[in-house]
Amino acid sequence: MFESVEVTHERTARHNSSPAEVASRLQGRRVTGVERHGKFLRISLDDGQTMVAHLGMSGRWAVDGEDGALHTHFVGRMDSGTVVRFIDPRTFGFVAVYDEDEILGSGLSRLGPDAWTDPPQIGELGERLAGRTAPIKALLLDQRPISGLGNIYADETLHLAGIHPLTPGGALDPEDLGRLIEAVRIVLETAISRGGTTLSDAAYLLPDGRAGANMADLVVYGRQDEPCTTCGTPIERLVVRGRSSHFCPNCQMLR
DNA sequence: ACCTCCCTGGCC
DNA sequence: GGCCAGGGAGGT
């Protein structure tokens with residue numbers, strides 16, 4: 001149960017009317033379930049409300065640690081003695097409390113199937129991408145065709161699948177889609193087993209404060225001009241919809 | 001379906 | 001001193 005909740009940054013509470021509202025709606029509530037859909041954390045509460053949290057770019061949760069850390073915007077003290085803190089320098093993340101109606105109007109309601117727990121099959125992904133002319137890289141980041149991939153894992157996935165980031169989504173044939181789906185599985189399996197990707201900025205950390213080790217497994221993200229681990233061709237970088245995109249021009253030829 | 005915006009630490 | 005990184009939301 002949330003014995004006390006402090007929300008100390010206006011922007012962290014932006015999906016409710018105020019930090020005080022987030023705190024008061026959580027106060028005294030017991031957690032009945034914890035789920036994740038895409039990059040959204042859903043925590044069910046005993047009064048039917050749902051606490052929804054998103055790490056954004058630089059957010060992280062600390063459980064029983066980081067007392068007094070800079071950029072702590074949420075502190076929840078549980079009756080068990082556990083203290084959960086949300087630390088988020090760039091404030092792209094948020095903590096919200098929704099009732100059933102509010103959830104329907106939130107970003108959660110627009111998410112495609114979860115890339116890890118509910119990966120789409122070839123037919124379903126094909127339907128979701130049919131007719132789409134936008135680059136597959138942009139569609140992977142969109143979260144509606146499939147949810148859960150950010151910029152790093154989208155680049156890694158496309159490289160493993162041998163698909164150029166600018167390929168129109170609707171141009172992928174069933175073979176491409178099969179490789180894409182399998183690449184998603186492998187990239188996420190590897191990343192999760194490594195505890196996630198902590199970059200040199202150390203923004204992302206596990207809840208116990210440890211760094212994730214997946215940066216060593218990245219083969220294209222952040223490696224422009226370095227030789228491709230598969231074929232030795234220098235990795236290239238281009239910008240797709242304002243996001244950097246790293247790929248091997250040989251392994252991922254545009255067709 | 002696209003564009004802009006938000007935000008701060010780190011780096012050039 | 002200025003730019004870059006990028007998650008989603010909201011507007012055009």
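Naming convention: chains lettered A, B, ... in sequence-line order (proteins, then strands); numbering from 1 in each chain. Not measured: the values here are computed from a predicted model.
- Separating the CZ atom of A:Arg90 from the P atom of B:dT8 is a distance of 11 Å, rounded to the nearest angstrom.
- Closest to the A:His15 side chain, of the nucleotides C:dA9, C:dA5, B:dC7, is C:dA9.
- Counting distance only, with no hydrogens placed and no angle test, the side-chain atoms of A:Arg243 and the base atoms of C:dA5 include no donor-acceptor pair under 3.5 Å.
- For A:His246 and A:Tyr221, the ring centers sit closer than 6.0 Å to each other.
- Comparing B:dG9, B:dC7, B:dC2 against the side chain of A:Arg241 picks out B:dC2 as the nearest.
- Counting to the nearest Å, the P atom of B:dT8 and the CD1 atom of A:Ile87 are 16 Å from each other.
- Of the residues near DNA chain B, A:Thr91 and A:Ala134, the one whose nearest nucleotide (by heavy atom distance) lies more toward the 5' end is A:Ala134.
- When rounded to the nearest whole Å, the span between OH of A:Tyr204 and C1' of C:dG7 equals 16 Å.
- Here A:Arg110 does not reach the OP1 or OP2 of C:dG8: none of its side-chain N or O atoms lies under 4.0 Å away.
- By the 4.0 Å N-to-carboxylate-O rule, A:Glu182 lies close enough to A:Arg185 to be salt-bridged with it.
- For A:Lys39, the listed nucleotide lying nearest its side chain is C:dG8; candidates were B:dC6, C:dA5, C:dG8.
- Nearest-nucleotide positions on DNA chain C place A:Asn151 closer to the 5' end than the other of A:Asn151 and A:Gly105.
- Counting any heavy atom pair closer than 4.0 Å across all strands shown, A:Arg144 reaches no nucleic acid atom.
- Between A:Asp88 and A:Arg11 there is no salt bridge, since no side-chain nitrogen of the basic residue lies less than 4.0 Å from a carboxylate oxygen of the acidic one.
- Cluster membership check: A:Leu139 does not share its hydrophobic cluster with A:Leu166, using side-chain heavy-atom separations under 4.5 Å among Ile, Leu, Val, Met, Phe, Trp and Tyr.
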